Chemist: 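Handing you a structure now.
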Amino acid sequence: METAAATGLTFRDATDSDVDALVALIDSAYRGDSSRIGWTTEADILQGQRTDADAVLAVVKAPDSRLLIVERDGALVACCQLEHRGDHAYFGMFAVSPAFQGGGLGKVIITEAERTVRETWGVTEMHMTVISVREDLIAWYERRGYRRTGQMTPFPYGDERFGIPQRDDLRFELLVKPLAQV
């Protein structure tokens with residue numbers, strides 16, 4: 001597997017000044033026509049925004065949380081949220097620019113995220129939630145060692161901060177991966 005260094009990627013924690021660029025990246029990876037350039041999208045199940053400046057800034061400022069920025073040659077290409085939650089970490093807000101999807105960057109980034117939470121917080125598991133109807137994305141995570149738990153939480157219908165649902169069966173499923181201690 002390629003390493004972050006081999007792909008020319010650099011990782012750093014987001015700051016307040018990164019918020020607008022992060023909102024644009026996250027929205028482009030999940031919603032609207034720009035997201036269709038990549039290999040996976042939510043554009044057919046949700047319209048509207050994926051996130052906003054307040055939500056991104058809250059992650060940047062939260063204690064026990066990091067929003068990692070991934071850059072190549074100084075340009076923002078991806079990001080992910082890492083949050084320490086006791087014996088596990090939560091992985092969220094994962095976005096790879098649609099122009100860079102399908103080339104293996106996601107695998108490198110998630111591997112780096114797992115390494116980071118193991119070394120920083122000593123956690124033994126990574127948790128995430130994925131919209132349960134996103135079978136292609138869930139299959140990608142399963143190939144990375146995540147397993148479906150069947151534990152569902154409701155989608156926040158009626159709260160347009162999370163988008164405008166195009167169907168009435170959206171739920172979040174918890175995916176979990178044990179992290180090998182090195």
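Values below: all heavy atoms of this structure, side chains included; hydrogens, waters and symmetry mates excluded. Note that the coordinates shown come from a computational prediction; the quantities given were computed from them, not determined experimentally.
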Chemist: For A21 versus L76, what's the shortest heavy-atom pair and its separation?
Modeler: O-CD2, 3.7 Å
Chemist: Not counting sequence neighbours, list each pair that qualifies as a salt bridge (Lys or Arg N to Asp or Glu O under 4.0 Å) and has a residue in residues 23-32.
Modeler: R31-E42
Chemist: When rounded to the nearest 0.5 angstrom, what distance separates CZ in R144 from CE in M126?
Modeler: 13.5 Å
Chemist: Do T15 and V60 come within less than 4.5 Å of each other through their side chains, counting heavy atoms only?
Modeler: no
Chemist: Pick one: which of V117, D13, V123, T120 meets side-chain contact (heavy atoms from CB on, under 4.5 Å) with L82?
Modeler: V117
Chemist: Is it true that, when you exclude R115 itself, more than 12 heavy atoms of the residues, nucleotides or ligands shown sit nearer than 6.0 Å to its CZ?
Modeler: yes
Chemist: Is E160 reaching over with its side chain to a backbone N or O of G158, donor-acceptor style, under 3.5 angstrom?
Modeler: no
Chemist: What's in the same ILVMFWY side-chain cluster as V176, cut-off under 4.5 Å, chained through other members?
Modeler: L174
Chemist: Atom CG in D73, atom OG1 in T10: separation rounded to 0.5 Å?
Modeler: 8.5 Å
Chemist: Show, in sequence, the C-alpha distance, side-chain angles and deciding distance for M128 and I110, and conclude whether the side chain to side chain contact (heavy atoms under 4.5 Å, CB included) test is met.
Modeler: CA-CA 12 Å; M128 70 174 72; I110 200 166; 4.2 Å; yes
Chemist: Distance check, rounded to the nearest 0.5 Å: L137 atom CG versus Y30 atom OH?
Modeler: 7.0 Å
Chemist: With clusters built from Ile, Leu, Val, Met, Phe, Trp and Tyr whose side-chain heavy atoms come within less than 4.5 Å, directly or transitively, what are the remaining members of the cluster of Y90, listed by chain and number?
Modeler: none
Chemist: When rounded to the nearest 0.5 angstrom, what distance separates CE in M93 from CG in L67?
Modeler: 6.5 Å
Chemist: What's the shortest heavy-atom distance between A180 and R118, and which atoms?
Modeler: O-CD, 2.6 Å
Chemist: Check G48 against I164 and note the closest heavy-atom contact, atom names and distance.
Modeler: CA-CD1, 4.4 Å
Chemist: Going from CD on E173 to CD on Q151, what distance comes out if it is rounded to the nearest 0.5 angstrom?
Modeler: 9.0 Å
Chemist: Could you name each residue pair satisfying salt bridge (Lys or Arg N to Asp or Glu O under 4.0 Å) that touches residues 49-60, not counting sequence neighbours?
Modeler: none
Chemist: Where do A95 and A29 come nearest, in terms of heavy atoms and distance?
Modeler: CB-CB, 3.9 Å
Chemist: E71: which residues meet the side-chain hydrogen bond (donor to acceptor under 3.5 Å, both in side chains) condition with it, sequence neighbours left out?
Modeler: R12
Chemist: Would you say I109 and F94 make side-chain contact, with heavy atoms under 4.5 Å?
Modeler: yes
Chemist: Would you say that R85 contacts W121 through its side chain, given a criterion of any heavy-atom pair below 4.5 Å between the two side chains?
Modeler: no
Chemist: Which atom pair, heavy atoms only, marks the closest approach of E125 to P178?
Modeler: CG-CA, 4.1 Å
Chemist: Where does the angle between the aromatic ring planes of H88 and H127 fall among parallel (under 30°), tilted (30 to 60°) and perpendicular (over 60°)?
Modeler: parallel
Chemist: Going by side-chain contact (heavy atoms from CB on, under 4.5 Å), C79 matches just one of L25, V59, V70, D18. Which one?
Modeler: L25
Chemist: I'd like to know if E142 pairs up with R134 as an ion pair, taking the criterion as any Lys NZ or Arg NE/NH1/NH2 lying under 4.0 Å from an Asp or Glu carboxylate oxygen.
Modeler: no
Chemist: Kindly give the cluster partners of I131, where membership spreads through any ILVMFWY side chain lying under 4.5 Å from a current member.
Modeler: I45, L46, V133, F155, Y157, F162, L170, F172
Chemist: Please round to the nearest 0.5 Å and tell me the distance separating atom CZ of F11 and atom CZ of R66.
Modeler: 11.0 Å
Chemist: How far apart are the closest heavy atoms of A113 and C80, and which atoms are they?
Modeler: CB-SG, 4.2 Å
Chemist: Mind checking whether K177 and F91 have side chains closer than 4.5 Å, heavy atoms only?
Modeler: no
Chemist: Could you check if a side-chain atom of Q49 sits within less than 4.5 angstrom of a side-chain atom of V23, using non-hydrogen atoms only?
Modeler: no
